Amino acid sequence: MGVDTESGGLSPWHTRLRTIQVGDKHHGWCVPWDQWGGGALEILNSYEGEFTWHNLPHDAKFMEIKAGWKVPWNRCHDTLIGARIQDPTRPAGLKPLTSRLVDPAALTGQKLLDDGMRQQKWTWDTVPIDFEPYWLYAALDPVLNCHLYEKIIPDVQARFPMVYDLEMAIVRICSRMMMKGMRLDPGYIQAEQLRLSAFTEQAKAWLKATYGITSVLSAGQISRVLTALGVEIDAFTDQGAPKMDKDNLERYQLTSGPQAAELIRYILAVRHAVKLQGTYLDNFMAMADADGILHASINTLAARTGRMSMSDPNLQNLPRDDKMIRGSFISRDGNVLITCDLNQVEARLGAHFSEDEGLIKAFNDADEFGTDFFCGVAGGIYGEEILKKDPRRQLTKNVVYSSLYGAGTRKMAQTAGVPFEQMQPVADGFNATYPGLQTTLNRIYEEAIARDKPYIVTPLGRHIPLDRDRAFTQGLNSLIQGHAAEYFKICVTRMEAAGVDEFLLVPVHDEIIADVPRDQADEVARVIEECMTDLDGYRVRLTAGADILPERWQKV
DNA sequence: AGCGCGGGCGCG
DNA sequence: AAAGCGCGCCCGCGCT
């Protein structure tokens, strides 16, 4: 049975459920929730077979929160998940997908509905349920979904069985995280908003009065003023516009006179303040529910590598070093927040996949003797003991990570902030001492481009497509990032099996945040660490470290 | 007014 | 021969 819902908007905490639709390959029913909701639930409850959805976690929120219906996860399929496993780069919306895989006519209804809504200025909340294109194509959705099911799910279950099982488990666990949501501290946020806007207003007034600059993001305005102040602009975007990003402005700041330097200092400070307030604080408040809980959306299969993404708002890119933004999130009463992240998981998987004896030994030594991995690697390159404060350690670290990402020596030097000539011997020394990574990088590239459409295969059997003209830089990184993503997802399913899934809040690529009653914190932190640890499944250990945060999402 | 894009910037 | 990977959100800008 195919199931779908229509609502007034995307968030069940801000909009209403309007219809529940059910259907099979030949019939679809569109049931208005207000009038006949009980009937729809009757249908769902009396059915004992398997359900198919397109973007189950989205509908699950409305079904559980608005309809009070418990999703029978073990009887549910998701054709969106299946489609993204088949090909993560293909448009995966219900209608584009159906038109491609089943019948081109699937797209025609969308246009009628769009035109009608535009003409009448209807939104998803106000379009009348009896507007024919609305109910007609709502009822069609579960029908299309049943056709899609046949094209996608058996194929995915046959070709990617472990990946599909893992992704369906993650959809279930992350749905629970979304419904739980994160608790905000509104007083704290408001105070920070006021502090930031006081600065921004004063600085903007100064920029306008002194230089006529009305926007700190306008490259045109800024470059004109800098030029007038004697700065020679020498960096440009692909389109030929003056490049006014942070790196270049900081460069001009160092080489220009005091006036230009002061101007740049203000521009960067305002940009930073605007970013913090606009991207983060304002959105936190705007998107919170009536109880001050923020239910950010998790896309469990967003990136082609299998990574998750988040939106509305994205909680995976909160500033890390400045504690202010993360401080907006607090534990529930009587609870503490726990964060647990995998230790250097990409570098460890790089060592694992490279099969390089030196890199593997460097990790094993570091784990066994509690020493620093990068000091060990640097020691191998330079043939002498390297201490943690030695600048050669940082250079080595840059070379290791850049290599995992397929960067060339030029980019390595740029990232490290050193001249090319200084980076070259380090890169050469690394490749001579630890040749496995280069060999693996080349092998993966050759294997991938030998295929009709280039792709790599992860240990779980996931296919990650590569762009042919970028395959060299994507290849090894896709394998590492892709397996890190699926390993992390496996860890999360272990947490569910261990019974701590009820505490989980947010997945951040290699880190999980949890909200735990204070008296269970030590025990849960230990369990989560254990779920993220694998001591013998790889050529190096995969380990994790948990921190208990007494109040806010801030390391102490 | 709404849309798409480029540029910019936050994270892992 | 040499080649940084993956996201989401904000604003300015040109276009419709």
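We name chains A, B, ... by the order of the sequence lines, and we start the count at 1 in each one. This one's a predicted model, so the numbers in the text were calculated from it and none came from an experiment.
- Leu294(A) has its CG atom 14 Å from the C1' atom of dG8(C), to the nearest Å.
- At a cut-off of 3.5 angstrom, the base of dC5(C) holds at least one donor-acceptor pair with the side chain of Gln481(A).
- Side-chain contact annotation: Gln277(A) with Thr200(A), donor-acceptor N/O pair under 3.5 Å absent.
- Among the nucleotides dG12(B), dC7(C), dG8(B), the one closest to any side-chain atom of Asp510(A) is dG12(B).
- Listed pair Arg271(A) / dC9(B) meets the phosphate criterion, a side-chain N or O lying under 4.0 Å from OP1 or OP2.
- Residue Met412(A) is classed as having no contact, given no heavy-atom separation below 4.0 Å to the nucleic acid.
- For Asp289(A) and His295(A), the side-chain atoms include at least one donor-acceptor pair closer than 3.5 Å.
- The phosphate of dG12(C) has neither OP1 nor OP2 within less than 4.0 Å of any side-chain N or O from Ser218(A).
- With rounding to the nearest 0.5 angstrom, the CD atom of Gln554(A) is 8.0 Å from the CD atom of Glu551(A).
- The closest side-chain donor-acceptor pair between Thr339(A) and Glu511(A) falls under 3.5 angstrom.
- If Asn442(A) and Arg470(A) are placed on DNA chain C by their nearest nucleotide, the residue sitting closer to the 5' end is Asn442(A).
- Which of dC7(C), dG12(B), dC5(C) sits closest to the side chain of Asn477(A) comes down to dC5(C).
- Counting any heavy atom pair closer than 4.0 Å across all strands shown, Asp341(A) reaches no nucleic acid atom.
- Annotated stems with DNA chain C as a participant read B:1-12 with C:5-16, given as range with range, by first number; only runs of 3 or more Watson-Crick or G-U pairs under 3.5 Å qualify.
- With distances taken from any side-chain atom of Asn317(A) to the nucleotides dG6(C), dA3(C), dG8(C), the minimum falls on dG8(C).
- Salt bridge annotation for Asp515(A)-Arg183(A): absent, with no cationic side-chain nitrogen under 4.0 angstrom from a carboxylate oxygen.
- Spacing between atom CG of Asp245(A) and atom P of dG10(B) amounts to 11 Å, rounded to whole angstrom units.
- Contact between the side-chain N/O atoms of Ser311(A) and the OP1/OP2 oxygens of dG8(C) is not found at any separation under 4.0 Å.
- Atom CG of Leu281(A) and atom C1' of dC9(C) are 14 Å apart (whole Å).
- Among the atoms of the strands shown, none is found under 4.0 Å from any heavy atom of Ser402(A).
- Of the candidates dC5(C), dG12(B), dC7(C), dC5(C) carries the atom nearest the Gln474(A) side chain, counting heavy atoms from C-beta on.
- Closest contact between the side chain of Arg307(A) and the listed nucleotides dG4(C), dG12(B), dG10(B) involves dG12(B).
- Backbone-only contact: Arg320(A) has heavy atoms under 4.0 Å from sugar-phosphate atoms and none from a base.
- Residue His272(A) has its side chain nearest to dG10(B) when only dG8(B), dG10(B), dG8(C) are considered.
- Here Ser478(A) lies out of heavy-atom contact (under 4.0 Å) with every strand.
- Phosphate proximity of dG7(B) to Lys243(A): absent, as no side-chain N or O sits under 4.0 Å from OP1 or OP2.
- For Pro319(A), the listed nucleotide lying nearest its side chain is dC11(B); candidates were dC11(B), dC9(C), dA3(C).
- In this structure, Trp122(A) has its ring center at least 6.0 angstrom away from the ring center of Tyr134(A).
- Side-chain atoms of Asn314(A) stay outside donor-acceptor range of the base of dG8(C), with no qualifying N/O pair under 3.5 Å.
- Whole-Å rounding puts the Glu250(A) CD to dG8(B) C1' distance at 13 Å.
- When only modelled atom types and interatomic distance are considered, Gln481(A) and Thr305(A) share a side-chain donor-acceptor pair under 3.5 Å.
- Nucleotide dC11(C) holds its P atom 13 Å from the OH atom of Tyr280(A), rounded to whole Å.
- Side chain of Asn398(A) to main chain of Gln394(A): a donor-acceptor pair is present (N/O by atom type, distance under 3.5 Å, no hydrogens or angles).
- Rounded to a whole Å, the CD1 atom of Ile325(A) is 16 Å from the P atom of dC9(B).
- Between Ile464(A) atom CD1 and dC5(C) atom C1' the separation is 11 Å, expressed in whole Å.
- Between Tyr455(A) atom OH and dC5(C) atom P the separation is 22 Å, expressed in whole Å.
- The residue Met310(A) sits close only to the backbone: its heavy atoms come under 4.0 Å of sugar-phosphate atoms, none of a base.
- Within the nucleic acid shown, Asn283(A) comes within 4.0 Å of sugar-phosphate atoms alone, with no base atom in reach, counting heavy atoms only.
- Interface remark: the Lys246(A) side chain does not form any donor-acceptor pair with the dC9(B) base, using a distance-only criterion of under 3.5 Å.
- Annotation: Phe160(A) is not in aromatic contact with Tyr164(A) [ring centroid separation under 6.0 Å not met].
- Ring-centre distance between Tyr538(A) and His483(A): below the 6.0 Å cut-off.
- Of all nucleotides listed (dG8(B), dC9(C), dG4(C)), dG8(B) comes nearest to the side chain of Thr237(A).
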